[in-house]
K.L.:
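Below are the structure tokens for one structure; questions will follow.
In what follows, chains are A, B, ... by sequence order, proteins preceding strands, each numbered from 1.
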Amino acid sequence: MSIGKTGQINMIAGVDIGNSTTEVCIGEVLPDKHIRFLSSASVRTTGTKGTVDNVFGIRNALKKAVKPLGKEINDIDLVRLNEAAPVIGDTAMETLTETIITDSTMIGHNPSTPAGAGQAVGELLLFERLDRGKEGVPYIVAVPESCGYDVIADRINRASERLTIVGLILQADEAVLVENRLKNKLPIIDEVRRIEKLPDGVPAAIEVALPGQSITMLSNPYGIATLLKLNAEETRTITPIAKSLIGKRSAVVIKTPGGNVKENVLPAGEIYFYPEEDKSPESEYKDYFSTPGGSPVKTAAVSVNLDEGAENIMKALKKAGNIRDTGGQAGTNVGNMLLKIKREMWDTYGYEKTDVRITDILAVDTLAPVLISGALAGETCLEKAVGIAAMVRTQRLPMQDIADRLEKEDGLLVRVAGVEAVMASIGAMTTPGTKLPLAMLDMGGGSTDAALVDENGHITLTHQAGAGELVSMLIQTELGLKERQSAEQIKRYPLAKVESLFHMRMESGQIMFLEESIDPHFLGSVILLTEGGFVRIEEELPMEKIVQVRKEAKRKVFLTNALRALEKVAPGGELRNISNVVLVGGSAKDFEIPEMLTEEFAAYRIVCGRGNIRGTEGPRNAVATGLVMSYVGEL
Amino acid sequence: MVIRRPSVFIYTYRPDAESLREICAGIEEEGVFFEVFEREEKKCAELAWEAARDSMLGSGIGINGGFAALSIRGLKEGECADILNEPDKRALRRLGGNSARIVKKQAFKVPSGPEEG
């Protein structure tokens, strides 16, 4: 190794390029070969981890770290980069069921202010044809937005003298206004956007729930059968409608001839796990991603169908042991999903197909609100879905290219040194109150890595798919958020509901009073308490629901993964053989994940908690610190 | 004993009849009571602030001609939560609705759909 410009290595920088942040630790080598830590810094990673785009982020992080020392980056004698594990986490989501309404057959939604209550059955009659209604026939009248509430009320009042009108469907948000002006009270549903799709003259049933309740008749298949006089076969076909109306405050079900709603079960497809040991020629699967339709020969692979659910998928994975690669049945959902993940890697790193392998997956059951095609008021139906995080193993990441670039452009001495997880373990050991044997759980954005360091310094490693990004994806899917960014923020910050200009209720139930009045546009909203101020959640979701989804997503991913990862590295596969677990990495900074794990592991008598690197850094900077410390060991 | 219904106050000065009607409809649709008063000439924001101060529910609207504003008790004098300078029918309806939502502690309605810009 050539020695730095002055011939002497004094100041060392450890640089850890992560999926989301680049961390730097600066240390000074003392004459007695001890390290004195000087400073640290953290910036956003620029570009995809392991590509030369990272150089910008590294440079910024180094500048940020040396600034408080009154130095320039040229004063750094040696930069040590992490040898990033050539594994990258990725996520995908696929719905397994789908409700299709081929013709207008239902409306079911939660307008903020429906009016009246109760249920009724009648023939649909369009407002402009009111005059043509026949006496003695019960009618449900559909009114377009172009009519004002007083006109509607007036005409309905007059028409009621001649006709039997049992319910109203409005396009505008005027249900209460109309009801207040009606002589006979009726159930009224409003805010039905695509009212022009309503067919004239077909039987329909309408229901508005009492305040604080949800509908009971139309969310029950037999209820619909009773109201619309359906036979057993028709009742069967109407069941998906009843299912999608559960929990709604108002609904209309329209009987169109020939059951037009069906619940499609999409071909989910099989996942194939190819175990590592199996090197027999029969298990060649080189063309599995190009086999159209037919299933390729895979004698030794463990296969499982995606629609068996997350639990069975994970069981099959466990049965397969160490995985060399994972594939999906061609032409199916899961096949496309896994192919998409691999393709992204090929695109990013420009590798040949065979260089990318999926060595681990984490499957999670979830429910996704999916827009029902053919529905009239933008209704969604909760469809069963599976979220998958995959651990993609590629060739060695081109860390040396990054090192070369830094050497050339900044005149620094740069070395790629040390396996990431080993460095993280060394860093984790600087947490006060730890001793060997020590397990380290690095919870990042893309993967959950575990390492166990025994008394002799031997390290056992594992990389597991699924971490922070999968949590964000689950939150986004289950809450039906438009932007991934909102899900990211929901994951990161606690919630509060603004109850007046001067106080808000935290999700913990605590009340916080404000000195200055809050922006009136936050009033009544659910907000996130970020360090940069309040962020309003645009979607109308109750705070309790968001909290529940957020916690559940974190539990599903991190509890499952922590147990899985530690079982892999624990001596004899027994969790009880581990005494200390230190949590590091981005997701260990989370305000509730470490507590969830501490509680869970307490049951195994394991001391588990958020790491505190060097007693000052909290759970971050473990790898960078390890890189600096390991330099002394190499002397 | 005189008992007054808790209601949103609307202070007006020569209000545009159509604007007033839409605002009232907005409040009514949300199921909240309101009362309309004639006042001396002031800017609509000031009228709104006074209406909010005087309303038992702490929510008030001020209308001067075609201009309308919404205020909440607790805001600094003359401040308002929303002000409409070139109001259309939907915006007025929404302003009324939001004054009721203040009382119900619900989030404001925000413009939706491209036709509202």
K.L.:
At their closest point, which heavy atom of A/His521 faces which heavy atom of B/Ala81, and how far apart are they?
P.N.:
CE1-O, 3.0 Å
K.L.:
Quick one: what part of A/Tyr149 sits under 4.5 Å from any heavy atom of chain B, side chain, backbone, both or neither?
P.N.:
side chain
K.L.:
Heavy-atom distances under 4.5 Å only: say whether A/Glu540 touches chain B with side chain, backbone, both or neither.
P.N.:
side chain
K.L.:
If you draw a 6.0 Å radius around CZ in B/Phe67, do more than 12 non-hydrogen atoms from other residues or ligands fall strictly inside?
P.N.:
no
K.L.:
How many angstroms lie between CD in B/Glu28 and CZ in A/Arg181, if you round to the nearest 0.5 Å?
P.N.:
4.0 Å
K.L.:
Does the distance from a Lys or Arg side-chain N to an Asp or Glu carboxylate O, for A/Asp173 and B/Arg93, drop under 4.0 Å?
P.N.:
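No, this pair does not count.
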K.L.:
Below 4.5 Å from any heavy atom of chain B, which atoms of A/Ser517 appear? Answer side chain, backbone, both or neither.
P.N.:
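Side chain only.
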K.L.:
Which atoms of A/Ala175 are under 4.5 Å from chain B, going by heavy atoms: the side chain, the backbone, both sets, or neither?
P.N.:
both
K.L.:
Quick check: does any side chain N or O of B/Gln106 sit under 3.5 Å from a backbone N or O of A/Gly524, one acting as donor and the other as acceptor?
P.N.:
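Pair absent, no side-chain N/O of B/Gln106 close to backbone of A/Gly524.
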K.L.:
Less than 4.5 Å apart, any side-chain heavy atom of B/Glu30 and any of A/Val176?
P.N.:
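Side-chain contact under 4.5 Å: no.
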K.L.:
B/Glu79 versus chain A, heavy atoms under 4.5 Å apart: side chain, backbone, both or neither?
P.N.:
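Neither part; nothing is under 4.5 Å.
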K.L.:
Of the non-hydrogen atoms in B/Lys105 and A/Glu499, which two are nearest, and what is the gap between them?
P.N.:
CD-O, 3.1 Å
K.L.:
What do you reckon, is CD of A/Glu483 surrounded by more than 12 foreign heavy atoms closer than 6.0 Å?
P.N.:
no
K.L.:
Which pairs with one or both residues in residues 488-508 of chain A pass ring-ring contact (aromatic ring centres under 6.0 Å, His included), sequence neighbours excluded?
P.N.:
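Matches after skipping sequence neighbours: A/His503-A/Phe513.
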K.L.:
Is A/Leu501 in contact with chain B via its backbone, its side chain, both, or neither, using a 4.5 Å heavy-atom distance?
P.N.:
side chain
K.L.:
Under 4.5 Å, counting heavy-atom pairs only, tell me which of A/Asp190, A/Asp519, A/Val498, A/Leu523 racks up the most with chain B.
P.N.:
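Winner by heavy-atom pair count: A/Leu523.
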K.L.:
So do B/Lys76 and A/Glu516 actually touch side chain to side chain, heavy atoms under 4.5 Å?
P.N.:
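Yes, their side chains come closer than 4.5 Å.
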K.L.:
What do you reckon, is CG of A/Asn184 surrounded by more than 12 foreign heavy atoms closer than 6.0 Å?
P.N.:
no
